[in-house]
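The next block holds one structure in the form of structure tokens; read it before the comments.
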Amino acid sequence: MNELLDELHTLRDWLRYAVSGFNEAGLFFGHGCDNAFDEAAFLILHTLHLPHDQLEPFLDTRLTHTERLKVHHILQQRIARRLPAAYLTHEAWLGEFRFYVDERVIVPRSYFANLLEEDFAPWLEDPESVTDALDLCTGSGCLAILMAHTFPDARIDAVDLSPDALAVAQRNVADYALSEQLTLIESDLFAKLDKRRYDLIVSNPPYVTAASMAALPPEYRHEPALALAAGEDGLDIVRRILSDAKKHLKPRGLLAVEVGHNRDLVEQAFPDIPLTWIDTADGEGKIFILHREQLPH
């Protein structure tokens, strides 16, 4: 290792070394970055306490011996343990929002981020009319926090079954000083919400099918299975949401559910429900919406 440290001097040297190592190891990228170069740059810049969006000015700067040791360590952790980068850095980003994460929660990633950045337009005619909103299956609390910024005058509830996930969410809520606006609730979906009703319910629930769970890359196996697996067809949680959502929506209230690549499965399972599929900048047909009046029961 001493020989390696003597040969790699600049950030550019270490970036090239990292990309080669990541590609040789066959790492999987799907937790914020989608390629070896971007993830290597992110890890190196983070380790050196440099801005994540300013690689070019630092490429030819020389690293100290201590810095080289630190960079080598985090790169080896990524390769040897196949840990997602977010678990190594304890941070993940949705747009301009940074969140603390560890292995108690899945790494934040959601097509809802684009919608919330745009005030949920055009699906909400008047965002200011939202006074009560719910994030169901909140995990790290990331979507609930985005909702609190999108609807600053609304009361936001964030629900999760996992007390470990809620502990992480509490840290993020505190980081954004939102404890007065945002309430975390440990509940199995709607079970402990009593008669609360909402103008908007957003959910990015577990939706991974049994077949997909069996084929997950090693990086995903570090994430809590509770937050991923949803039965044979990936719709166990979606069925329960559709069954109970109506009683927790106000008149003209809106339900929005993210199901990833499962659109065909959802349409086959619920042929009589008038689902509207919406596109975002990051994907097409990953989220369906329903107004209260369109829900069963």
Side-chain angles (χ1 to χ4, degrees), residues 94 108 110-162 165-166 169 173 178 181-207 227 230 234-260 262-263 266 269-270 273-278 280 286-297:
L94 285 180
S110 176
Y111 298 99
F112 276 121
N114 294 133
L115 281 176
L116 291 168
E117 285 176 359
E118 299 170 0
D119 297 337
F120 233 84
W123 313 107
L124 285 175
E125 294 181 8
D126 180 14
E128 293 184 3
S129 68
V130 176
T131 59
D132 297 275
L134 169 66
D135 175 20
L136 205 58
C137 307
T138 194
S140 62
C142 57
L143 292 183
I145 289 168
L146 265 61
M147 291 168 74
H149 284 83
T150 300
F151 312 112
D153 296 324
R155 179 178 64 89
I156 311 294
D157 287 343
V159 166
D160 206 282
L161 179 61
S162 166
L166 289 173
V173 170
L178 288 170
Q181 182 186 3
L182 200 162
T183 302
L184 298 172
I185 303 169
E186 183 181 339
S187 176
D188 185 1
L189 298 181
F190 299 103
K192 294 184 181 178
L193 295 183
D194 301 321
K195 295 182 180 180
R196 299 189 200 201
R197 291 197 170 196
Y198 303 93
D199 303 290
L200 174 66
I201 298 175
V202 162
S203 185
N204 182 13
Y207 55 71
L235 300 180
D236 284 4
I237 309 303
V238 173
R239 286 187 178 88
R240 294 176 57 200
I241 292 172
L242 290 176
S243 176
D244 295 335
K246 189 168 189 175
K247 69 183 80 168
H248 292 283
L249 282 167
K250 297 179 185 178
R252 299 183 61 80
L254 186 69
L255 170 70
V257 182
E258 182 172 329
V259 293
N262 289 356
R263 176 172 177 169
V266 172
F270 309 106
I273 297 179
L275 305 166
T276 297
W277 294 93
I278 54 182
T280 71
K286 311 298 185 186
I287 295 170
F288 69 77
I289 61 172
L290 289 163
H291 288 279
R292 181 182 186 276
E293 292 70 25
Q294 296 173 309
L295 283 159
H297 310 300

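Just so it is clear, the values below take in all heavy atoms, side chains as well, and ignore hydrogens, waters and symmetry mates. What you see is a predicted model, and the numbers here were worked out from it, not measured in a lab.
Shown here for Lys246 and Arg292, the closest heavy-atom pair between the two residues is O-NE, 3.1 Å. The heavy-atom pair separating Leu235 from Phe270 by the smallest distance is CD1-CE1, 4.3 Å. Among all heavy-atom pairs drawn from Asp188 and Arg240, the shortest one is OD1-NH2, 2.9 Å. When every heavy atom of Thr138 is checked against every heavy atom of Ala144, the shortest pair comes out as OG1-CB, 3.9 Å. Contact detail for Asp160 and Ala165: the closest heavy-atom pair is OD1-CB, 3.9 Å. Residues Leu178 and Ala148 approach most closely at CD1-CB, 3.8 Å, considering heavy atoms.
Between the side chain of Ser187 and the backbone N or O of Val159 there is no donor-acceptor pair closer than 3.5 Å. Between the Arg197 side chain and the Lys247 main chain, a donor and an acceptor come within less than 3.5 Å of each other.
With contacts defined as side-chain heavy-atom distances shorter than 4.5 Å, the pair Val257/Tyr207 does not qualify. With a 4.5 Å cut-off on side-chain heavy atoms, Pro205 and Val238 count as touching. Asp153 has its side chain out of reach of Glu128: every pair of non-hydrogen atoms, C-beta onward, lies at least 4.5 Å apart. Using a 4.5 Å heavy-atom cutoff, the side chains of Thr276 and Trp123 are in contact. Using a 4.5 Å heavy-atom cutoff, the side chains of Ile273 and Pro296 are in contact.
Note: Leu242 CG to Leu275 CG = 7.5 Å, rounded to the nearest 0.5 Å. Cys137 SG to Ile237 CD1: the interatomic distance, rounded to the nearest 0.5 Å, is 6.5 Å. Between atom CZ of residue Phe112 and atom CG of residue Leu146 there is a gap of 11.5 Å, rounded to the nearest 0.5 Å. Note that the OG atom of Ser110 and the CG atom of Asp135 stand 8.5 Å from one another [nearest 0.5 Å]. Rounded to the nearest 0.5 angstrom, Leu115 CG and Lys286 NZ are separated by 14.0 Å. Note that CG of Leu94 is 6.5 Å distant from CG of Leu143, once rounded to the nearest 0.5 Å.
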Can you check side chain to side chain contact (heavy atoms under 4.5 Å, CB included) on Tyr198 and Asp157, steps first, answer last? CA-CA 9 Å; Tyr198 303 93; Asp157 287 343; 2.6 Å; yes

Between Leu189 and Asp244, is the side chain to side chain contact (heavy atoms under 4.5 Å, CB included) condition met? List the steps. CA-CA 9 Å; Leu189 298 181; Asp244 295 335; over 6 Å; no

Walk me through whether Leu134 and Phe190 qualify under side chain to side chain contact (heavy atoms under 4.5 Å, CB included). CA-CA 10 Å; Leu134 169 66; Phe190 299 103; 3.9 Å; yes

Start with the C-alpha gap between Asp119 and Leu124, add the side-chain angles, then the distance that decides, and say whether side chain to side chain contact (heavy atoms under 4.5 Å, CB included) holds. CA-CA 8 Å; Asp119 297 337; Leu124 285 175; over 6 Å; no

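The side chain to side chain donor-acceptor pair (under 3.5 Å) test with Asp132 singles out one residue from Arg196, His248, Lys250, and that residue is Lys250.
In this structure, Glu293 places its CD atom where more than 12 heavy-atom neighbours from other residues, nucleotides or ligands lie under 6.0 Å away.
In this pair, Phe288 and Trp277 present their aromatic rings perpendicular. The plane angle is above 60°, beyond the 30 to 60° band.
Residue pairs that meet the ring pair (Phe, Tyr, Trp, His ring centres under 6.0 Å) test with at least one member in residues 133-161, sequence neighbours left out, are Phe97-His149, His149-Tyr176.
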